Amino acid sequence: MASGEGSNFEAVVDACRQGQLPADVVQLVVNRADCGAVERAKRLGIPTVLLDHTTIPSREDLDGRIVSCFEASGVDLVVMAGWMRIVTQVLIDAYPQRLINIHPSLLPSFRGARAIEQALRAQVRISGCTAHLVELEVDAGPILVQAAVPVLGEDSAETLAERIHQQEHRILPLAVLVAAERLGLLAEQPQG
Ligand code: GAR
């Protein structure tokens, strides 16, 4: 699931294709037709479904439509790779322990929108990123993997975001692996 540039989406696809993650990305869901993730999916040959939240009456309805898409594709595990909508119990209940989010701060610090700007405003010297299982409370839930990123004196939101992104691309596939391992999904993989 993506709403933005889709660099984390691509990192997960790359990790699968390079053999670091024994999985296939079978589908992308976006909520904006013009988001960068759509172009990446096209280039990578991954089918994309657009669910424009502005045309769907409620968050629950949006999540219900997402669940229908993923059920039709036989999805085992769902990754929110820059998904900028608050999710509901509808999605969480459909994928217990199987719904992963990536957030650009060391949670539980700086939850919510514009986490990188929040960290800069607070003048922290170390920030980072967190991959975690999703709960109803926004940017909460059991942490799977974190990476620390030093904040440099001259950092702008853009320069810090760039370094945080590099770490996100590393830890998100790792978090998927950790979650899949805990669920016993890897044992179900055909050998050979
Ligand atoms: C990432 O930095 C991700 O942590 C953040 O959106 C960015 C998406 O980048 N997600 C959140 O802030 C969710 N609360 P991308 O589209 O290039 O993957």
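Since this is a predicted model, take the numbers as computed values, not measurements. Order of listing sets the numbers, starting from 1, for every ligand and every atom in it.
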May I ask which of [options] has a heavy atom nearer to [atom] than the others do?
| atom | options | result |
| --- | --- | --- |
| atom 3 (C) of ligand 1 | M80, E168, Q167 | E168 |
| atom 5 (C) of ligand 1 | A81, P104, G36 | P104 |
| atom 17 (O) of ligand 1 | S7, S105, S3 | S7 |
| atom 14 (N) of ligand 1 | R85, H103, R114 | H103 |

Is G6 close enough to touch ligand 1? Criterion: a residue heavy atom under 4.0 Å from a ligand atom. yes
Please determine, by modelled atom types, if D14 and Q18 share a side-chain donor-acceptor pair under 3.5 angstrom. no
Measure the distance from [atom] to every protein heavy atom, then report the residue, atom name and distance (to 0.1 Å) of the closest one.
| atom | value |
| --- | --- |
| atom 8 (C) of ligand 1 | G82 CA, 3.7 Å |
| atom 6 (O) of ligand 1 | M84 CE, 3.3 Å |
| atom 7 (C) of ligand 1 | H165 NE2, 4.1 Å |

Query raised in the report: Can S105 and Q118 be said to form a side-chain contact (heavy atoms from CB on, under 4.5 Å), step by step?
Result: CA-CA 9 Å; S105 76; Q118 290 184 55; over 6 Å; no
Are L185 and L172 connected into the same hydrophobic cluster when the rule is that any two of I, L, V, M, F, W, Y join if their side-chain heavy atoms are below 4.5 Å apart? yes
Donor-acceptor pair, S73 side chain versus V26 backbone, under 3.5 Å? no
Are the side chain of D63 and the backbone N or O of V90 linked by a donor-acceptor pair below 3.5 Å?
-> no
At under 4.0 Å between heavy atoms, what of D139 touches ligand 1? The answer is side chain
Quick note on ligand 1: atoms under 4.0 Å from a heavy atom of G4 include exactly 16 (O)
Ligand 1 atoms nearer than 4.0 angstrom to some heavy atom of E5 are 16 (O), 17 (O)
Take Q167 and R170 through the side chain to side chain donor-acceptor pair (under 3.5 Å) test and state the conclusion after the steps. CA-CA 5 Å; Q167 293 305 311; R170 192 176 63 78; 2.9 Å; yes
Sequence neighbours excluded, the answer for side chain to side chain donor-acceptor pair (under 3.5 Å) partners of R59 is none
Sorted by chain and number, sequence neighbours left out, side chain to side chain donor-acceptor pair (under 3.5 Å) with T55 holds for none
